[in-house]
Amino acid sequence: MHDDIVPAYDHLKHESALYLMWEKNHAFQPNFSNSKSQTPRLPSTWHVGQVNSKQIPNNKAQSLKRDDHSLEFRTSSLGLPYFSMVMPPPNANGSLHIGHAVFVTLEDIMVRYHRMKGDLTLWLPGADHAGFETQVVYQKKLEKDPSFAKAKEGKRSREETFQDILAFTLANKENMENQLRRLGASCDWTRAKFTLDDDIIKIVYQTFKELYDDGLVYRDSKIINWCTKHQTTLSDLEITHEDRASELYEIKYDDITVATTRPETMFGDVAVAVNPADKRFKHLIGTTVIQPLTNRELPVIADELVDREFGTGALKITPAHDGTDYDIGKKHSLAMDHTAFDFFGKLGGNWVPIKYHNLKGEEARKKVIDDLEKLGLLTRKPYKNSVAVCYKCHKTIEPMVLPQWFIAMTKKTKSEKLKAKNYGVASPQSRNEGKSLQELGIEAVKSGEVKFVTKKFEKIYLHWLENLRDWNISRQIVWGIRIPAWYCENYLKSQMSNVKSADEKSKIGDGISSEVATCPVGPRQNEVDSSEVEEEQKTCQPIITAGETPDKCPTCGSTQLTQDPDVFDTWFSSGQWTFAPLMTTNSNHPELKERSRDFETFYPTTVMETGHDILFFWVARMIMLGKYKTGKAPFKYVYLHGLVRDKDRQKMSKSKGNVVDPLGVIDQYGADALRMALVFGVSAGNDIVISEEKIKGMRNFSNKVWNIARFVISNLETLNSKSEVLNKSQIQNSKLQTDADKVILQKLEQTEKSVKKDIENFRFHEAAQTLYQFIWHDFADIYIEVSKKQLEDKDLSLNTYFILLNTVKVSLKLLHPFMPFVTEAVWQEMVARKLVSDKMLITSNS
RNA sequence: GCACCCAUAGCUCAGUUGGUCAGAGCAUCUCGUUUACACCGAGAGGGUCAGAGGUUCGAGUCCUCUUGGGUGCACCA
């Protein structure tokens, strides 16, 4: 009888208890006393590329080449083989979604595999404050949840607002961490870091200062992307282009007709440009034309950037509100300060006739069109154009000229500023002096220092890097790491003539601090005399520190210092996430007393696994900043997963109602079923199709595993030679092997070999399918059925039982990375009956 | 506009240097109430691997073109 093992696996009963057991027993922490780790092994023991060819059937040894991404042998500074991964820190602003389940599954498979293999293994978890994203989520919550908003009523200072969002974030962070536990993430919680931890911020500040000292960070007024809803600038990555049905308007400016999709920007015009080779306009170059509605006189200039084929061949130039116009304006030394819009996208300012003031968007356009049509100066044609929009609110981006902090991506570092780094890893030579961040990023991949598991992403990565533009890292929001730049009163006097007024900002009504607004965002060039700026800049400069507040301006000695109100683009700090947490956590190993930081032991990390949608946002920045800061690329392999889709290949969205809630799935079918469903049949980089049927099928598989073990365990009781099983380590006597025995043993060996190879080559779906096939069909359907008869034969029974037991043990070990809970649950049943010696499967590496 | 990827059973997808590769899961049909499991078992049907050409002794697997679908990048106002 086996009445103590229930016939159906009950995931609810086991999962949280097992997780607790693992965590209590420090199973997730790197184990320095692990015997395998203590003795550095030769690469050939586990580098598939160097596997003994005799072990591989059919002389296929050489097939393990080329596209195989077998993890190369690497040792830490201690000479230990290690496997390390820094978890992509989930945004601490909501619950986990199915995408998180994907990364946990894939990363946990690798981590559990390497841990069981005996490698010194670290998976370092974290949480991301996710600046802009979180502030947007928080704002929405204020808008939609009256009771929540009520508590925040009244004027909140910047500091109060920051604290409000911090409390919101920390609550989410705890929730999120518990959800990661439910997914089975075997990460080392004792090392968990938050992107706003003091020691992390300090490193981010140091990097900023280094970049500034190296000449790679600069402040400049340039045309940037302004979101009129969120009241902040955005990087080029944070905008997307949407095709919109629109109209192309042709407006008669005297003798020249210009073509535009945005007639309302005409008040910002400073010139009309034509192509120098265009015969139609040649005679007009150098003359002027009169603009309708304003009767302003505009010079006609020539520039090759103007496309003769497009529209009328004549382009109105609005440097303050258009990228191309900005470039042309700069080239021709035109006035760059003719703004037509305020921060909310409303028409206004000196250049706009009063009757148009405060009109916005469609309204503004309609008024301008109507007036021009009345004058008979406008014609329109249908036109589909691509509009830049905010990736969050999808509102049209307003290009504006504003002073911001930028990181120069293509400029070479100043080598004379380089010096040995605090962490002892970056000698001046290894700091790649004289190279640009762009070059560092390209070289890391082209040289093979960083390898993409999926080639197509390597191409996409390189294509993006080769066309890089400078990165605006200033954000006009509260929630984030404040930029460590201070301005003295003299500097400000020259710069702050145009400031976001408190009145303006308070109109947002979003509960977000109004103190931001009282600080200067910097100059709007239209009110700064350029000669004066130049003169001032010779004397007083922004003061950049590694975080500490300066006492006085080193140039003029003023103690009246104002900190820049802006915060960093979150990706600037998360771009440092591969090394920053490792620099702040400790290895706690006796031999590491002197140099005990995890950084020495675990950097560079082995794999970076994340979604392909943040290839540029994150992966590219980590490579560049990691190379820059440490001299080494931050990881060896990049594994990018795709988007999760439903069974009809539809993207998941709340409006479609096809969102799969991972926590709900775990409740119903178990974490193992969810995890297996997320890898089964999914190859690297491709989108992940999941359906309830698939999850259900995997739940059935976990039950199959449970019952296989139940069968084997229960047969121990009926076995005559029970004591022999428990006391002998012998596996089988080959003389007594039946054909069925031979087949299962051979298949087991094949399975083990190919599963290991597949995991090391990131072919998790192959490994999962191989295991599914072997365990269910080869072992359960065929061998177990045969074994029922063999167990009754007194000559064969003992041998058969050993084979059964051994097959179960090996199967559990191989399957554990994929389905950690049911395998460990079964293992514990076996521990209780002394059928296995290792106390926990998770750390079993025999 | 430029670039990249994909097109294999009803559905969703695997298929690793070209040679048992024509596969899996789900679905469908038939049979089975065998004490590990009905969250089960035994068996069956179903694809000229988008189309055309080429390289090769041999091609879903490499090359070219066509068609269809997807994605990334982009200052055509």
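Please read these numbers as outputs of a predicted model, since none were measured by experiment. Side chains are part of it too, since the values below use all heavy atoms of this structure and drop only hydrogens, waters and symmetry mates. Chain identifiers are assigned alphabetically (A, B, ...) following the order of the sequence lines, protein sequences preceding nucleic acid strands; residue numbering begins at 1 within each chain.
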Begin with the C-alpha distance, continue with both residues' side-chain angles, and end with the deciding distance and a verdict on salt bridge (charged side-chain N to carboxylate O under 4.0 Å, His left out) for K381(A) and E250(A).
-> CA-CA 8 Å; K381(A) 295 171 184 167; E250(A) 294 181 0; 2.9 Å; yes

Say we look at [N] and [M]: how far apart would their [atom1] atoms be, to the nearest angstrom?
| N | M | atom1 | result |
| --- | --- | --- | --- |
| A44(B) | G53(B) | C1' | 39 Å |
| U33(B) | A24(B) | C1' | 29 Å |
| A3(B) | C26(B) | P | 43 Å |
| C75(B) | G15(B) | P | 36 Å |
| C76(B) | U67(B) | P | 26 Å |
| G60(B) | C21(B) | P | 13 Å |
| G32(B) | G25(B) | C1' | 23 Å |
| U30(B) | G72(B) | P | 46 Å |

Using the six-membered ring of F680(A), assess whether NZ or CZ of K694(A) lies under 6.0 Å from its centre and within 45 degrees of the ring axis.
-> no

Measure the distance from [atom1] on [X] to [atom2] on [N] and round it to the nearest whole Å.
| X | N | atom1 | atom2 | answer |
| --- | --- | --- | --- | --- |
| Q773(A) | A24(B) | CD | P | 7 Å |
| N686(A) | U12(B) | CG | P | 14 Å |
| D613(A) | C5(B) | CG | P | 20 Å |
| E242(A) | U71(B) | CD | C1' | 16 Å |
| K696(A) | C37(B) | NZ | C1' | 17 Å |
| H241(A) | G1(B) | NE2 | P | 16 Å |
| D243(A) | C73(B) | CG | C1' | 13 Å |
| D303(A) | A77(B) | CG | P | 17 Å |

Toward the 5' end of RNA chain B, by each residue's nearest nucleotide, P7(A) or R308(A) | P7(A)

Nearest-nucleotide 5' precedence on RNA chain B, H765(A) against V712(A) = H765(A)

So what does [X] hit on the nucleic acid, given a heavy-atom distance under 4.0 Å: a base, only sugar-phosphate, or nothing?
| X | value |
| --- | --- |
| G323(A) | nothing |
| Y9(A) | nothing |
| S386(A) | base |
| D307(A) | base |
| A709(A) | nothing |
| F616(A) | sugar-phosphate |
| L248(A) | nothing |
| F680(A) | sugar-phosphate |

Below 4.0 Å: OP1/OP2 of U34(B) and any side-chain N or O of K788(A) = no

Is the base of [N] touched by the side chain of [X] through a donor-acceptor pair closer than 3.5 angstrom?
| X | N | answer |
| --- | --- | --- |
| K704(A) | C37(B) | yes |
| R699(A) | C39(B) | yes |
| E785(A) | A36(B) | yes |

Nearest to the side chain of [X], heavy atoms from C-beta on, is which of [options]?
| X | options | answer |
| --- | --- | --- |
| N700(A) | A77(B), C40(B), G25(B) | C40(B) |
| R763(A) | G25(B), G15(B), U16(B) | U16(B) |
| K456(A) | A77(B), C4(B), A24(B) | C4(B) |
| H463(A) | C73(B), U16(B), A77(B) | C73(B) |
| T324(A) | C75(B), C40(B), A24(B) | C75(B) |
| A8(A) | A14(B), A74(B), C39(B) | C39(B) |
| H777(A) | C5(B), G25(B), C39(B) | G25(B) |
| D781(A) | G41(B), A36(B), A77(B) | G41(B) |
| A780(A) | G15(B), A36(B), C40(B) | A36(B) |
| K651(A) | A77(B), G72(B), U71(B) | U71(B) |

Please work out whether G25(B) sits syn or anti, treating a glycosidic angle within 90° of 0 as syn.
-> anti

CD/E309(A): more than 12 non-hydrogen atoms of other groups inside 6.0 Å | no

Worked verdict on D278(A) versus R308(A) for salt bridge (charged side-chain N to carboxylate O under 4.0 Å, His left out) | CA-CA 7 Å; D278(A) 195 331; R308(A) 281 190 282 174; 5.2 Å; no

With ring centroids as reference points, do F764(A) and Y639(A) lie under 6.0 angstrom apart?
-> yes

According to the Watson-Crick and G-U wobble definitions, with both distances under 3.5 Å, which nucleotide is paired to [N]?
| N | value |
| --- | --- |
| G60(B) | none |
| C73(B) | G1(B) |
| G23(B) | C13(B) |

Decide salt bridge (charged side-chain N to carboxylate O under 4.0 Å, His left out) for E752(A) and K756(A); before the verdict, give the C-alpha distance in whole Å, the side-chain angles of both, and the deciding distance to 0.1 Å.
-> CA-CA 6 Å; E752(A) 179 170 8; K756(A) 285 179 174 172; 3.0 Å; yes

Using a distance-only test with no angle check, is there a side-chain donor-acceptor pair under 3.5 angstrom linking T233(A) and N472(A)?
-> yes

Within a strict 4.5 Å, meaning less than it, do heavy atoms of the L804(A) and F779(A) side chains meet?
-> yes

State which residue, out of F701(A), W706(A), F821(A), fulfils the ring pair (Phe, Tyr, Trp, His ring centres under 6.0 Å) condition with Y9(A).
-> W706(A)

